[in-house]
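We use all heavy atoms of the structure for the numbers below, so side chains are in, but hydrogens, waters and symmetry mates are not.
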Amino acid sequence: MNVKEYNTCVELYADSVYRFVLKNIKNSAMAQDIVQDSFEKLWIKVAQVDFTTVKSYLFSIAYHTMIDAIRKQPLNYDIHESESLHPKTSNNFSDVKQVLNKALDKLPEIQKVVITLRDYEGYSYDEISQITGLNESQVKVYIYRARVFLKNYLVQPENVI
């Protein structure tokens, strides 16, 4: 890949990589840093990457950079503020997007990543397996489990009212 192709890659994929990362970590500044780090890592390997496969390579870099950033964050968890200790009876959501985002936040990280790549970004199972390092069967299982959870979560009236 040459410099012109790299610049084209930045123009084509920066927004979608940012949306993918932001959807998973919910922190705009951190998402921007991860996207920048991902493109920096791509630049380091620019001579070794083929332009035809750069999209999945870039999402793979972003995914792994995001996981590393999440692992480096200190765990800020206060047992006294846990939702399980203080259940809420009414959420008063006004739109479906908020309800769906709350449901997505309840998924395990890997399920959230694969469902985001599949249903929000439109990647194939094969592309998702390349990005995450999982095999295609595992990707399908995680997507199935995530969809079952989301379906069960969204049909409960107390979650959507």
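Across Ile61 and Ser38, no two heavy atoms sit closer than the pair CG2-CA, 3.6 Å. Between Ala103 and Leu150, the shortest heavy-atom distance links the atoms CB-CD2, 3.6 Å. When every heavy atom of Asn2 is checked against every heavy atom of Lys4, the shortest pair comes out as OD1-N, 3.1 Å. In this structure, Thr65 and Lys41 approach most closely via the heavy-atom pair OG1-NZ, 3.1 Å. Closest non-hydrogen pair, Val35 versus Ala14, comes out as CG1-O, 4.3 Å.
At a threshold of 4.5 Å between non-hydrogen side-chain atoms, the residues Thr116 and Arg19 do not count as touching. The side-chain heavy atoms of Leu12 and Val54, taken from C-beta on, include no pair separated by under 4.5 Å.
Residues in residues 50-73 take part in these ring-ring contact (aromatic ring centres under 6.0 Å, His included) pairs, two or more places apart or across chains: Phe20-Phe59, Phe59-Tyr123.
Shown here is Lys26, whose NZ atom has more than 12 heavy atoms of other residues, nucleotides or ligands within 6.0 Å. With a 6.0 Å radius and a threshold of 12 heavy atoms from other residues, nucleotides or ligands, Gln36 has its CD atom at or below the threshold. For Tyr144, the OH atom sits in a loose shell: 12 or fewer heavy atoms of surrounding residues, nucleotides or ligands are nearer than 6.0 Å.
Both Tyr120 and Tyr142 are part of a single hydrophobic cluster, where members link through side-chain heavy atoms under 4.5 Å apart.
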In sequence, state the C-alpha distance, the side-chain angles, and the governing distance for Tyr18 and Ser28, and then conclude on side chain to side chain donor-acceptor pair (under 3.5 Å).
CA-CA 9 Å; Tyr18 174 74; Ser28 180; 2.8 Å; yes
Can you check side chain to side chain contact (heavy atoms under 4.5 Å, CB included) on Trp43 and Val49, steps first, answer last?
CA-CA 9 Å; Trp43 178 251; Val49 178; over 6 Å; no
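Taking Phe149 as the reference, Tyr153 meet the ring-ring contact (aromatic ring centres under 6.0 Å, His included) condition, with sequence neighbours excluded.
At distances below 3.5 Å, not a single donor-acceptor pair connects side-chain atoms of Ser60 with backbone N or O atoms of Ser56.
In this model, a donor atom of one side chain and an acceptor atom of the other lie less than 3.5 Å apart for Thr52 and Asp50.
To the nearest 0.5 Å, atoms CG (Asp105) and NZ (Lys112) are separated by 4.0 Å.
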